[in-house]
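Computation of the quantities below employed the complete heavy-atom set of this structure, encompassing side-chain atoms and omitting hydrogens, waters and symmetry-equivalent molecules.
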Amino acid sequence: MVGTMSFLHHQDSCDPLCPSCMHEVETTEHIMLCWEEGRLKAFRQAIHELRQWGVQHFTDPQLLNGIMAYLMSQGLSTMESTFGHSSHRYNDMVRSQDIIGWRRFMEGMVSHQMRSVQRDYLWQQPTRMSVQTWMTGFIQQLLIITHKQWTYQNMVVHHRECGHMFAQKKSPFGRKLINNLAWVLPVFLSMIDPSQRFSHQI
């Protein structure tokens, strides 16, 4: 993966602003929080894929719905608020996850209380899936979401023909090509085989 624009700014004095939204300095944190249309499409598509995975892997429905709302908030809401008035059995989990925080959650740092909640649900389902298998798969799905945002950033910044760095060195016309990525990249990312996403680099 390449560095953020704030990092590259210290290397060659390039513009540190996010090449997608052009409003905030692009830091590691901003990669996951940017509201530019293309990044949001890629982000929401990845969340949709996580929901599909959750349904297919016997995820507690209330747990899954709460997680979806928490992810979509992009750190603007606590997990406790997104779970609202759900059963009290989620209380310890949401409070401990809020201590960890949204950004760390996206890096795979999940409260151990979530394991207990999902374990209790699995025991009631017609499956031999272990909670360890579920936790491993769930964390992988979170990392896929984060990885896809970085893949998007790589394309926007360093694509050989219409990346931000290329456009800055060419002409004003070249900069207009960046806008096309907002439509193309989410489709491109959705076509990557899940088993290859961690090794896929631009």
Side-chain angles (χ1 to χ4, degrees), residues 1-8 14-57 59 64-77 79 82 101-110 137-168 174-202:
M1 292 299 175
V2 300
T4 62
M5 295 306 294
S6 62
F7 173 81
L8 296 176
C14 62
D15 190 342
L17 289 180
C18 170
S20 295
C21 69
M22 297 302 293
H23 289 300
E24 298 185 35
V25 172
E26 187 189 62
T27 60
T28 300
E29 183 176 16
H30 180 73
I31 294 291
M32 297 302 298
L33 301 178
C34 183
W35 281 69
E36 182 267 333
E37 183 177 10
R39 291 204 192 197
L40 277 179
K41 284 183 178 180
F43 183 71
R44 289 169 178 167
Q45 174 62 32
I47 290 177
H48 175 69
E49 292 172 5
L50 188 151
R51 176 181 284 280
Q52 291 180 315
W53 176 92
V55 171
Q56 295 167 1
H57 290 79
T59 305
L64 184 59
N65 288 336
I67 289 173
M68 292 300 101
Y70 184 58
L71 290 175
M72 289 296 290
S73 76
Q74 288 188 278
L76 296 179
S77 300
M79 180 172 279
T82 57
W102 187 89
R103 179 180 171 186
R104 297 301 181 217
F105 185 66
M106 299 307 301
E107 295 172 351
M109 298 183 186
V110 179
F138 176 69
I139 291 173
Q140 183 181 39
Q141 292 299 310
L142 291 177
L143 295 177
I144 285 174
I145 295 174
T146 298
H147 181 266
K148 291 181 80 168
Q149 289 300 298
W150 278 95
T151 300
Y152 186 96
Q153 189 259 6
N154 285 356
M155 287 286 286
V156 169
V157 176
H158 290 283
H159 190 281
R160 293 180 181 178
E161 296 182 0
C162 52
H164 180 71
M165 298 296 287
F166 176 88
Q168 280 190 331
R175 296 188 184 95
K176 295 180 181 179
L177 294 176
I178 297 174
N179 295 330
N180 294 330
L181 292 174
W183 299 97
V184 175
L185 282 180
V187 177
F188 168 76
L189 292 174
S190 68
M191 295 172 64
I192 300 175
D193 187 323
S195 65
Q196 301 298 318
R197 286 172 178 161
F198 286 107
S199 60
H200 186 80
Q201 296 189 16
I202 304 303

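Note that CZ of F43 is 7.0 Å distant from CE of M72, once rounded to the nearest 0.5 Å. Between Q149 atom CD and M106 atom CE the span is 8.0 Å, to the nearest 0.5 Å.
Residues H57 and Q141 are not in side-chain contact: their nearest non-hydrogen atoms beyond the backbone lie 4.5 Å or more apart. I67 places a side-chain heavy atom less than 4.5 Å from the side chain of F138. Residues V110 and L142 form a side-chain contact, since some pair of their non-hydrogen atoms from C-beta on lies under 4.5 Å apart. For the pair F105/L71, a side-chain contact is recorded, criterion being any heavy-atom separation below 4.5 Å from C-beta on.
With sequence neighbours excluded, the residues forming a side chain to side chain contact (heavy atoms under 4.5 Å, CB included) with T82 are A69, Y70, S77, M79, listed by chain and number. Residues meeting the side chain to side chain contact (heavy atoms under 4.5 Å, CB included) test with L40, sequence neighbours left out: W35, R44, Q74. M109 meets the side chain to side chain contact (heavy atoms under 4.5 Å, CB included) test with I100, R104, E107; sequence neighbours excluded.
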Would you please test W53 and T59 for side chain to side chain contact (heavy atoms under 4.5 Å, CB included) and show each step? CA-CA 9 Å; W53 176 92; T59 305; 4.2 Å; yes
